[in-house]
Number of protein chains: 2
Amino acid sequence: MMGAASIPLILSVLQEGESYGYLIIQRIKVISGNQLEWKEGTLYPILHKLEKKGYITSSWKTSESGRKRKYYKLLENGQSVLAAEQQNWQSLNQIFSKLWLTQINSI
Amino acid sequence: MMGAASIPLILSVLQEGESYGYLIIQRIKVISGNQLEWKEGTLYPILHKLEKKGYITSSWKTSESGRKRKYYKLLENGQSVLAAEQQNWQSLNQIFSKLWLTQINSI
DNA sequence: CAATTATACTTAGAAGTTCTATGCAAACAA
DNA sequence: TTGTTTGCATAGAACTTCTAAGTATAATTG
């Protein structure tokens with residue numbers, strides 16, 4: 001369903017500022033107009049992978065309420081990966097625009 | 001690399017008219033400006049899957065030169081899957097536009 | 001005409017990705 | 001105090017894509 005979009009999506013959300021798993025899921029839900037409702041089992045393994053690759057970093061923090069949260073932050077490395085992913089997405093988007101425009105024109 | 005884009009891409013190419021594996025690979029290469037160079041091992045299994053699901057149908061034909069080719073054709077079923085995929089893509093595209101615009105504006 | 005290249009399809013298995021399902025635990029609300 | 005929300009984690013299933021190899025024929029090149 002998401003395909004190659006997961007990673008740019010997560011990195012983009014983190015580019016808005018550091019965040020934690022639960023909040024990222026909600027942010028994605030809000031920004032997609034309730035279309036994307038990720039489960040934890042989807043997000044966390046990806047976050048772990050991104051951290052392992054050095055795109056993001058994590059740190060435990062305790063909120064005033066006493067809750068412990070693991071905050072993720074975009075690293076420079078991840079910044080450039082995101083830039084490449086944006087490029088990639090836009091390039092795919094152009095291909096589709098071309099294909100779909102052609103079909104409209106050929107009516 | 002391709003993620004969820006493979007299926008709409010193939011279906012879109014077939015919407016241009018029926019085609020066969022080898023040519024589809026070339027069409028994808030051309031339309032992407034040499035960015036996407038699929039291997040047979042990537043395309044054929046997907047074609048088989050799409051046929052099994054009833055989105056496309058295939059038939060062997062022999063060209064004047066004597067070569068045998070397996071032509072694939074988009075079915076009505078596949079037509080509506082493609083429409084749904086287009087919708088899905090555009091919706092993801094909107095999400096990214098929103099995320100990426102915000103970042104430009106917030107400089 | 002022999003060797004190479006281009007055309008054309010197939011599949012097994014590896015690798016990678018995402019989802020389902022479940023578990024744990026603490027704070028909060030009823 | 002019982003249920004809901006918040007919060008993280010992971011195993012295994014399911015699915016997708018890629019690598020690699022095999023088969024076969026037509027066209028081209030030397």
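Quick note on labels: first sequence line is chain A, next is B, and so on, each numbered from 1. Nothing here was measured: the structure is a model prediction, and the numbers come from that model.
Projected onto DNA chain D by closest heavy-atom contact, A/Gln26 and A/Pro45 fall at different nucleotides, the more 5' of which corresponds to A/Gln26. With the nearest nucleotide of DNA chain D identified for both B/Lys49 and B/Lys39, B/Lys49 has the one nearer the 5' end.
Ring planes of B/Trp89 and A/Trp89: parallel class, angle under 30° (limits at 30 and 60°).
In this structure, CZ of B/Arg69 is placed 8 Å from P of C/dC9, rounded to the nearest angstrom. Rounded to an integer number of Å, the gap from NE2 of A/His48 to C1' of C/dC19 is 16 Å. When the C1' atom of D/dT16 is taken as reference, atom CG of B/Leu9 falls 15 Å away, rounded to whole Å. B/Lys68 places its NZ atom 14 Å from the C1' atom of D/dT23, with the value rounded to the nearest Å. Taking atom OH of residue B/Tyr22 and atom P of nucleotide C/dT5, one finds them 13 Å apart after rounding to whole Å. In this structure, the NZ atom of B/Lys52 is 12 Å from the P atom of C/dT11, given to the nearest Å. B/Trp38 has its CH2 atom 15 Å from the P atom of C/dC9, to the nearest Å. Nucleotide C/dT18 holds its P atom 18 Å from the CD atom of A/Glu37, rounded to whole Å.
Applying the side chain to side chain contact (heavy atoms under 4.5 Å, CB included) criterion to A/Gln94, with sequence neighbours excluded, gives no partner residue. Partners of A/Gln79 according to the side chain to side chain donor-acceptor pair (under 3.5 Å) rule, which considers only residues two or more places apart in sequence or in another chain, are A/Gln15. Every side chain to side chain contact (heavy atoms under 4.5 Å, CB included) that A/Thr62 has, sequence neighbours left out, goes to A/Lys68. For B/Glu37, the salt bridge (charged side-chain N to carboxylate O under 4.0 Å, His left out) criterion is met by no residue, not counting sequence neighbours. When the side chain to side chain donor-acceptor pair (under 3.5 Å) test is applied to A/Ser91, the partners found at least two apart in sequence or on another chain are B/Gln35.
Dashed line: the shortest gap from a side-chain N or O of A/Tyr20 to OP1 or OP2 of D/dG7 is under 4.0 Å. Taking side-chain N and O atoms only, A/Tyr44 has a distance below 4.0 Å to OP1 or OP2 of D/dC8.
Counting any heavy atom pair closer than 4.0 Å across all strands shown, A/Gly21 reaches sugar-phosphate atoms only and no base atom. In this structure, B/Leu23 reaches neither bases nor backbone, as no heavy-atom distance under 4.0 Å exists between it and the strands shown.
Looking at the side chain of A/Thr42, the nearest of the listed nucleotides C/dT18, C/dT10, D/dC18 is C/dT18. Taking the side chain of B/Ser6 as heavy atoms from C-beta on, and the options D/dT17, C/dT10, D/dA9, the nearest nucleotide is D/dT17.
The only option from A/Trp60, A/Tyr71, A/Tyr44 that meets the ring pair (Phe, Tyr, Trp, His ring centres under 6.0 Å) definition with A/Tyr20 turns out to be A/Tyr71.
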N/O contacts under 3.5 Å, protein versus nucleotides 23-29 of chain C?
unit_1	atom_1	unit_2	atom_2	d
C/dA27	O4'	A/Arg67	NH2	3.2

